[in-house]
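Below is one structure, written out as structure tokens; comments come after it.
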Amino acid sequence: MIPSATGYSPFRDEFPELSVKVHGHNLIYLDNASSTLKPMAVLDAERNFYTTTYANVHRGVHHLSQLATEAYEDARRKVAAFIGACSENEIVFTKGTTESINLLANSWGSIVRSGDEILVSAMEHHANLVPWQMLCQRSGAILRIVPINEAGELDLQALDEMLSPRTKILAMVWVSNILGTILPVEEIIAKAHRVGAIVMLDAAQAIAHMPINVKALNVDFLCFSSHKMFGPTGIGILYGRSEYLTRMPPWQGGGDMIRDVEYNKATYADPPLRFEAGTPPIAQAVGLGAAIDTINAWGWEAIKVHEKQLYEHLQDVLNSIPGLRKIGYAKQRTAVQSFLLENTHPYDVGILLDSMGIAVRTGHHCGQPLMKSLGISGTVRASLSIYNTTNEIDRLGHSLRKAARMLGIAS
Ligand code: PLP
């Protein structure tokens, strides 16, 4: 069913947390880039798993352990199908995007040498910056930052000039959590491959907003977090091409990642288990599988149509507010908008909106270098999802006008 633009979302009823009152107001949740709310299907799947099927995985002959293993591996198959991977063996379960990038920086990073170059953009989340800084400190590799223009778009000409046979890894965000920019990733991947670099995409902000096919993209690694796509916290994905994963050493040692262990040495399991030391997030995987089923049932067409209407309405509403400056106005965007009210601190605006029941995020959004380059300390960020409505955006507009009056910048 295609949702209408009339201030309603047919998906709202599936999200029980939307009925919460905040300071006496109906909650308006506009912090979806940070984490999405959870539909009943995900909550039910986890509860059902814990009450009927739960046991530890992979090491038990008993009935429940086998059922739990089957459920865990079934979730892996669902993830593989969801992103168009060749095989479920290309799907590594991690704690989230941050851990996926750290895994890659540590494991693939072990072949990086002094003088090699690693490219990231000027709009990375700290999760796709600090692990590479740490790798460069360890290895003597050089981290290079591809600049962006004023609108928040990647400077593709600069990228061309920076790519060279010295570039070993290009690790880049697909959708900026701060600016909402959608990067032209097909073009970027092709350019990087031409110089022999491997490419990792940080799809944390893409995964809930657009269909992804890693084969069609021809990307080498891709990572995302379940909690940003209606699934549970504590689980995320590192997708890696089989031919690369099989060459990568483990980065953490322990149970489940081994083939054979002696007192002074060990051999390791094949991927993906090689990278999943210890008891994994089992029920979370089941919840993630339910989130994928739910997104598939909604359908990308319905999601895209609704989010487009919301995005356009948000732009209209924000454009009508005197003294509001938008941060990030790239041509290709998702439903994320950072902004500032002139002469106010984002934190004050966020606190006032909260007092009116509206959840937005304020601050540097884990992008301190970008904030510094823009000469600001932070922004207010409204980020939309499938359950938001145009009425809620109208209320954001009214509340921003009220906040501006309370902060003495409008009459
Ligand atoms: N990358 C981007 C673009 C993000 O927006 C985020 C979280 O906001 C992350 C990485 C880190 O995700 P997580 O905290 O789930 O590891």
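These figures come from a predicted structure and were not determined experimentally. For ligands, and for the atoms within them, numbers begin at 1 and follow the listed sequence.
No part of K95 comes within 4.0 Å of ligand 1, judged by heavy-atom distances. At a heavy-atom distance under 4.0 Å, only side-chain atoms of V173, from C-beta outward, approach ligand 1.
Looking only at heavy atoms of the protein, atom 8 (O) of ligand 1 is closest to K228 NZ, 2.6 Å. Shortest contact from atom 4 (C) of ligand 1 to any protein heavy atom: H125 CD2, 3.3 Å. The nearest protein atom to atom 14 (O) of ligand 1, hydrogens excluded, is given as T98 OG1, 3.7 Å; this is a heavy-atom distance. The protein heavy-atom contact nearest to atom 3 (C) of ligand 1 is D202 OD2, 3.4 Å.
A salt bridge does not link E14 with K38: none of the charged nitrogens is closer than 4.0 Å to a carboxylate oxygen.
Atoms of ligand 1 lying under 4.0 Å from at least one heavy atom of Q205, given by number and element, are 3 (C), 4 (C), 5 (O), 8 (O).
Considering Y244, W251, W132 as possible partners of W108, the one that fulfils the ring pair (Phe, Tyr, Trp, His ring centres under 6.0 Å) test is Y244.
Of the possible polar contacts, one joining the N106 side chain to the N102 backbone as a donor-acceptor pair under 3.5 Å is found.
Listed by first and then second residue, the salt bridge (charged side-chain N to carboxylate O under 4.0 Å, His left out) pairs involving residues 194-220 are D220-R241 (not counting sequence neighbours).
Residue S377 comes nearest to H345 through the heavy atom pair OG-NE2, 3.9 Å, listed as atom of the first residue, atom of the second, then distance.
Aromatic ring orientation, Y387 versus Y29: tilted (interplanar angle from 30° to 60°).
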